[in-house]
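In what follows, a single structure is set out as structure tokens and then discussed.
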Amino acid sequence: MRAWWSGVAVLVAAAAVPAWSQLSSPKSISMLNGDGGWTQAVFVCDSTDRDRVLVLSAPDAQRSATLTSLSKPGLVRHQVAVRVGVGDPGMGQVYYPLTNAAGRAVGNVHAINPGMVEPGATTPTVTSVTYGRDTTSCRFAPQTRVLGVTAKRSIQLTRSERDGFVYRSYNHDTDLPAIEQPWGGRDTRASLTITGGRLVEERGGRRIYQFANGGYVYRVLVSVDPAKGGGGVQVWRDGRMLLAEPFVAYTAAS
């Protein structure tokens, strides 16, 4: 993976709280697992056209934060200190400028105004992150319930009136072509799609979604409690667990 921000500290003017309104979402929680355990994040960008996942940590009072890059597969991480400036809205879109330590513009974070997304935005509407000449497109779909990444794959759960909960997995070692999504979404062809899923448990901030597929049972576990992050995907057959992969980062609708 290219360490495209190697050695660079990104600094942007501090802004009032409303300036972050399109980067995070009051309808969801984003989390990152590190050496110190789970910490809250502003958004998780699972790239559809690069071998990386980008995670922006929750900013402090001075709007200082950490931008983490997780390479695919394996999720080896690179980190840099960042600040993000005031959003520049226009025609339903918002661009948050990035500058370097000298105040020179070096990129931006692009988001869609949630009010423009139908039938609803349940997770942050960040669709790309640009640094220099390199733009990372972010996986996004309306009515997302979970977007999580393991060392081997990305997992996305969405909700539709016709299909109930829909499970899609995207293997990191596979070249998956881009496809169109409605309402400004970004996506690739899935490695596996399962429809008709159910929310089978919701207790103490912990949720379990379950999907049946050819004799196998897929379970996606996720916590929406900011004090107790965690989640992952499991595959079962005949009451025996065949696979278990924990999330390293995820976003979940709350």
Side-chain angles (χ1 to χ4, degrees), residues 1-6 23-25 28-59 65-82 109 122-124 126 128-129 136-141 144-158 167-174 176 186-188 190-192 205-209 211 218-235 241-254:
M1 172 183 170
R2 297 187 302 272
W4 51 276
W5 52 44
S6 179
L23 286 185
S24 60
S25 170
S28 68
I29 182 173
S30 296
M31 302 290 289
L32 173 66
N33 196 11
D35 293 338
W38 287 96
T39 56
Q40 279 194 265
V42 177
F43 64 80
V44 174
C45 168
D46 178 38
S47 178
T48 59
D49 56 2
R50 296 291 189 271
D51 56 351
R52 62 176 73 110
V53 178
L54 304 179
V55 184
L56 183 68
S57 71
T66 300
L67 189 60
T68 299
S69 173
L70 306 168
S71 63
K72 298 178 183 178
L75 303 186
V76 174
R77 68 186 61 200
H78 302 274
Q79 295 182 314
V80 62
V82 302
V109 177
T122 52
T123 56
V126 174
S128 69
V129 179
T136 299
S137 296
C138 307
R139 194 180 310 280
F140 170 74
T144 296
R145 294 300 187 267
V146 179
L147 177 62
V149 290
T150 76
K152 294 183 177 181
R153 71 197 86 242
S154 301
I155 304 294
Q156 183 184 60
L157 304 188
T158 57
Y167 171 101
R168 294 181 179 89
S169 64
Y170 308 85
N171 295 344
H172 292 167
D173 60 355
T174 305
L176 301 171
R186 305 282 180 87
D187 209 348
T188 59
S191 302
L192 175 65
R206 180 174 181 262
R207 296 175 183 168
I208 302 178
Y209 299 85
F211 301 81
Y218 288 71
R219 293 176 181 167
V220 176
L221 302 83
V222 67
S223 171
V224 294
D225 182 350
K228 298 178 181 179
V233 59
Q234 301 174 348
V235 180
M241 187 166 62
L242 306 178
L243 177 146
E245 294 180 5
F247 289 151
V248 175
Y250 68 89
T251 294
S254 56

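As a basis for the values below, the full set of heavy atoms in this structure was taken, side chains included, without hydrogen atoms, waters or symmetry mates. The model shown is predicted, which means the values in this text are computed figures rather than measured ones.
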| field | Aromatic centroids of Y250 and W38 separated by under 6.0 Å | value | yes
| Counting distance only, does the side-chain N/O of S28 pair as donor-acceptor with the main-chain N or O of T123 below 3.5 Å? | no
From [X] atom [atom1] to [Y] atom [atom2], the distance as rounded to the nearest 0.5 Å:
{"X": "D173", "Y": "K72", "atom1": "CG", "atom2": "NZ", "value": "11.5 Å"}
{"X": "R52", "Y": "L75", "atom1": "CZ", "atom2": "CG", "value": "13.5 Å"}
{"X": "D187", "Y": "C138", "atom1": "CG", "atom2": "SG", "value": "12.0 Å"}

Do [X] and [Y] have side-chain heavy atoms sitting under 4.5 Å apart?
{"X": "S223", "Y": "M31", "value": "no"}
{"X": "T39", "Y": "S57", "value": "no"}
{"X": "V248", "Y": "L70", "value": "yes"}
{"X": "Y167", "Y": "I155", "value": "yes"}

| request: Identify the heavy atoms of N171 and S191 that sit nearest to each other, and give their distance. | output: N-OG, 2.9 Å
| query | After noting the C-alpha distance and the side-chain angles of S137 and R186, does the key distance pass the side chain to side chain donor-acceptor pair (under 3.5 Å) rule? | reply | CA-CA 7 Å; S137 296; R186 305 282 180 87; 3.3 Å; yes
| field | side chain to side chain donor-acceptor pair (under 3.5 Å) between S47 and D49, worked out | value | CA-CA 6 Å; S47 178; D49 56 2; 3.1 Å; yes
| remark: So salt bridge (Lys or Arg N to Asp or Glu O under 4.0 Å) across residues 243-254, not counting sequence neighbours, yields R153-E245
| query | On the ring face of Y170, is R139 found with NZ or CZ under 6.0 Å from the centre and within 45° of the axis? | reply | yes
